[in-house]
**Student:** 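Pasting a structure here, questions to come.
Numbers restart at 1 for each chain; the letters A, B, ... are given by sequence-line order, proteins then strands. Note that the coordinates shown come from a computational prediction; the quantities given were computed from them, not determined experimentally.
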Amino acid sequence: MRASIEEIVHEVGKVLLGKESEIKLALACLFADGHLLIEDLPGMGKTTLGHALARVVGLQYQRVQFTSDMLPADIVGVSVFEAAASKFSFHPGPVFTQVLLADEINRTTPKTQSALLEAMEEYQVTVDGQSRALPEPFFVIATQNPQSQMGTFPLPESQLDRFLMRISLGYPDPAAELELFKGGDSRRHIASLRVLLSAEGLVDIKSAVGTVKASDTLIGYLQRLVHATRHDSQFNYGLSPRGALALLHGAKAWAYMQDRDYVVPEDIQAVLPAVVTHRVTAAGSGASAGGSIDQLLQSVDILSPH
Amino acid sequence: MRGPASISSSALKWLLLSQLLVLLPLTPHLPLWLVVIAGAMMLWRWQLHRGRWFYPGRWQRALLAVVVSGLLFANFRGSFGVETMLSLLVAGFVLKLTELRSRSDVYLLCFLTYFVIGTQLLFLTGFLGALYSFCCLAAITGTLVMTNASAGGQGDYRPWRTLGGLMLQALPVMLVLFLVVPRMGSLWTVPLNKSAGVTGVSDTMSPGDFSNLLQSDEPAFRVTFNGDLPTAGERYWRALVLDHFDGREWGQGLFQGVNAGRRSAWDQWHEELEPLGRQLSYEIMLEPTAKHWLYTLAIPQSFDDDIYVSRGFTLFQRKPVFQRKQYSVVSALEYRAQSSGLDDRERRSALALPDGYNPLTRRLAAEWAEQEGSPEALIQRFLQFVQRRFHYTLQPPVLGEHSVDEFLWETQTGFCEHFAGSFVFFMRAAGVPARVVVGYQGGQVNPHEGYLTVRQLDAHAWTEVWLEGQGWRRIDPTAAVAPQRIDRGVEYSLSEQDSALLGNALSRRFALLARAQLQWDAFNYRWHRWVMEYDQVQQQAFFQRLLGSAVPWKVVTATLAALALIIGIILLWLLWRRRPEVLPAEQRLYQRFCRKLAKAGYPRGTGESPSNYARRVATARPEHASQLWRVAILFEQVAYAGNPRALPEFKRLVRRLQLRSGR
């Protein structure tokens with residue numbers, strides 16, 4: 001792995017113990033210019049991950065806790081009439097930041113959700129007929145709690161598609177947990193983390209990811225994978241062309257992190273579960289697509305059929 | 001929402017269109033009222049489809065069926081001919097439209113249509129006809145395809161491809177079946193109620209008859225000679241002898257008539273005929289004439305069994321020629337016929353003249369006969385007289401009651417029928433037995449196939465005179481006035497104004513058209529000779545040529561082999577279409593590498609990436625670890641990093657890799 005990336009992962013890993021692969025995926029998502037959705041129970045370190053990542057990469061950080069009574073203006077900002085100056089002035093909302101942690105995004109109304117999702121797609125918000133560009137880079141980490149669905153507004157498939165990856169953190173392994181207990185609250189350590197990257201450095205990395213090469217042999221593998229999701233009875237929906245492109249882009253970012261300027265099948269295999277699981281629905285009620293995805297990876301040949 | 005069994009709009013359009021196509025060539029053979037009903041039914045079904053009209057109720061349908069059956073009975077009065085059966089078939093065919101509701105009805109109608117297409121071939125015997133039937137076949141098969149096609153949008157080309165594929169695959173099978181299925185003669189013959197008049201030489205001759213024939217360029221028959229062709233002056237195609245004159249019209253006397261069937265046949269003809277010199281053997285393919293008589297060169301010597309000879313040495317058969325007929329004849333170009341003498345009845349009929357006509361000719365004939373003495377000299381004098389004074393034209397002046405008088409001594413312009421008729425009248429008046437012979441004279445050699453085409457415009461009339469000791473001798477007075485008519489053909493013997501009236505005027509003006517016509521004629525001839533006339537004999541000959549002998553096991557084996565070949569070609573084509581794409585070199589090499597490892601007991605998992613695979617095997621066989629790693633890296637370099645320079649080393653490594661099996 002690229003030394004600089006290794007260092008970032010290590011630095012973030014200081015506060016989020018034993019979650020190296022998730023950190024890497026989150027980084028890949030950031031480098032691939034996508035947004036991240038973390039699905040997990042409360043207290044698993046979602047916020048820690050977002051905060052630490054922003055700190056180490058050297059980006060501004062904002063956190064919004066979504067509630068059911070929230071309005072779009074609470075996120076994008078509002079124009080307020082100032083009597084003294086006798087004119088409207090715009091008070092930017094929390095969305096005007098470089099890393100936005102949108103906590104419990106499924107708690108709020110679809111209207112508010114879509115205001116955020118629009119900002120994610122367009123990289124700008126429109127208030128009072130005026131478009132305002134968001135800062136560069138703009139990276140959203142949204143979280144949602146998969147367990148208690150009462151009184152929530154689950155994101156529809158079309159909006160899930162806006163997130164490049166969806167990951168879940170899971171419980172830490174015993175060793176990591178032991179260390180966690182010893183070290184106390186990790187959040188206090190975040191401020192002490194080293195800043196290893198800057199916004200400008202991140203832009204360079206993004207453009208370098210764009211130049212990573214994908215050979216015909218690899219594209220063939222990608223195509224077979226996508227084809228398999230569309231024709232496998234395990235999935236209700238196959239992967240859309242946008243989903244396939246996202247997969248390729250994620251794989252490129254992963255390849256970049258591995259210090260390669262070309263994509264190998266392993267890159268695709270590494271990011272595929274995170275990129276694909278929320279885009280395809282597993283057939284059969286309530287079943288997670290996870291198991292099916294593993295089967296998919298095992299059954300699709302990386303070599304062209306002969 | 002349509003039910004699964006409903007008829008799609010495109011299928012119905014196809015069905016109606018193909019019905020129209022199929023029925024079109026049959027209309028001349030159907031009663032007019034049935035054609036009208038057929039049109040009405042199609043219109044009804046179409047309006048039904050558009051939602052304008054309604055399905056007829058059960059009683060209405062029953063009424064329709066009864067009315068049509070009644071009309072059929074009234075029309076044919078129980079006669080059992082092809083046209084009766086055809087009309088019945090067509091009636092059922094179109095009435096089915098009134099209860100066409102579901103897909104299964106469409107299938108039924110489609111299968112019926114195939115049958116109706118079969119009946120087309122009774123009437124369409126030419127190549128173009130067969131082509132047309134094939135188009136009908138394609139249309140109705142298209143209907144079937146359309147009916148089965150799942151709702152495709154406009155401009156969907158897949159049904160067309162299916163149709164094309166079906167027809168193309170059927171074609172070779174059809175060819176093999178055509179060649180090998182046993183040819184059986186028809187078990188029974190059904191008379192075709194042919195009422196349409198077909199042009200050709202008729203059994204009467206009056207002034208003006210021939211000019212109609214001359215306006216037709218249609219072939220009358222085609223002749224293939226087994227050997228040399230006769231010269232132009234020898235091509236007299238004899239059809240009928242006319243020996244009865246009623247003052248205006250020449251017709252068949254009771255004696256020589258050929259219309260009386262078997263009774264017209266003359267059994268002793270052989271004894272009265274003495275062939276001299278050259279004999280020619282040939283085959284004639286006669287176009288349908290709806291007449292009994294057949295054509296033969298000069299005088300027939302031997303011929304097929306079902307043909308008879310009349311007392312005038314002409315050939316005929318018992319039934320009219322309604323379909324193209326092929327027969328072979330051997331003819332004598334020189335002969336002596338009835339040289340031993342005529343019997344009384346025959347002599348009387350060869351001298352008979354109606355009373356009260358042409359007094360001048362009668363008087364002059366008697367005078368000339370007295371002056372000349374011998375019949376030969378009389379003939380010579382007459383021919384010289386004709387040669388000097390007469391004029392050959394297609395537009396003769398109209399003749400009055402005493403036609404021979406007027407022609408011989410006043411107008412002196414006319415055509416073969418005038419010359420022949422007048423000459424015979426003159427000879428009879430002079431006491432020499434004579435008769436008119438009608439048929440064709442000439443024929444055009446087709447340069448492509450070498451056969452001779454005799455067209456309607458070659459129609460001709462000449463005469464025969466009976467001379468003591470010589471028998472019947474052919475005299476052609478037309479040859480005296482217009483020798484080119486005999487040597488080169490009718491088109492070269494006429495003035496420009498006249499020849500514009502001939503049926504082939506257009507093609508004579510444009511050489512290209514004439515050539516095209518000859519080519520087309522040759523093609524049609526071949527079509528009939530090899531396709532329409534392909535019978536048991538030809539089939540046996542075909543087997544002989546192909547297999548050496550026509551023993552059943554050879555035929556069956558050859559048939560199966562041919563069919564297997566066709567199916568094999570189609571299968572190969574299908575396989576070729578689904579062939580896998582050729583893999584790039586590095587993938588093939590890597591597959592080889594994987595096979596080597598698999599043999600050693602480490603098969604690759606389907607979704608296993610090269611480095612994972614290498615790692616797994618390297619863990620099991622550490623002694624090869626570096627080699628395995630190198631292979632994986634090189635493969636990634638070539639296949640994913642796009643680095644072809646690594647290929648030679650990769651190739652070398654894969655070749656050299658030796659992994660013993662087991663652990």
**Student:** Evaluate A:T217 against B:Q587 for side chain to side chain contact (heavy atoms under 4.5 Å, CB included), listing each step before the verdict.
**Tutor:** CA-CA 9 Å; A:T217 313; B:Q587 289 217 27; 2.9 Å; yes
**Student:** Which side-chain N or O atoms in residues 20-37 of chain A pair as donor and acceptor under 3.5 Å with protein atoms at least two apart or in another chain?
**Tutor:**
| residue | atom | partner | partner atom | Å |
| --- | --- | --- | --- | --- |
| A:D33 | OD1 | A:K206 | NZ | 2.8 |
| A:H35 | ND1 | A:V140 | N | 3.1 |
| A:H35 | NE2 | A:M120 | O | 3.2 |

**Student:** Nearest heavy-atom pair of B:G607 and A:Q269: which atoms, and what distance?
**Tutor:** O-NE2, 2.6 Å
**Student:** Rounded to the nearest 0.5 Å, what separation is found between the CZ atom of A:R260 and the OH atom of B:Y640?
**Tutor:**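 Taking CZ in A:R260 and OH in B:Y640, the distance rounds to 11.0 Å.
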**Student:** Does any non-hydrogen side-chain atom of B:Y590 lie less than 4.5 Å from one of A:L303?
**Tutor:**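 Result yes, sub-4.5 Å side-chain heavy-atom pair found.
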**Student:** Answer yes if the side chains of A:E266 and B:S611 hold a donor-acceptor pair under 3.5 Å, and no otherwise.
**Tutor:** yes
**Student:** Under the side chain to side chain contact (heavy atoms under 4.5 Å, CB included) criterion, do B:R604 and A:D301 qualify, and how do the steps go?
**Tutor:** CA-CA 10 Å; B:R604 183 177 70 90; A:D301 200 336; 2.8 Å; yes
**Student:** Using non-hydrogen atoms and a 4.5 Å limit, figure out which bit of A:V263 sits close to chain B: side chain, backbone, both or neither.
**Tutor:** backbone
**Student:** Is there a side-chain contact between B:Q637 and A:Y262, using heavy atoms and a 4.5 Å cut-off?
**Tutor:** yes
**Student:** I want to check something: taking the side chain as every heavy atom from C-beta on, are B:N612 and A:P265 in contact at a cut-off of under 4.5 Å?
**Tutor:**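 No, side chains not in contact.
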**Student:** Between A:Q298 and B:T606, is there a side-chain heavy-atom distance shorter than 4.5 Å?
**Tutor:** no
**Student:** Against chain A, label B:E608 side chain, backbone, both or neither, depending on which of its atoms sit under 4.5 Å from a heavy atom there.
**Tutor:**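 Contact with chain A is through the backbone of B:E608 alone.
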**Student:** Is there a donor-acceptor pair closer than 3.5 Å between any side-chain N or O of A:S215 and the backbone N or O of B:G642?
**Tutor:** no
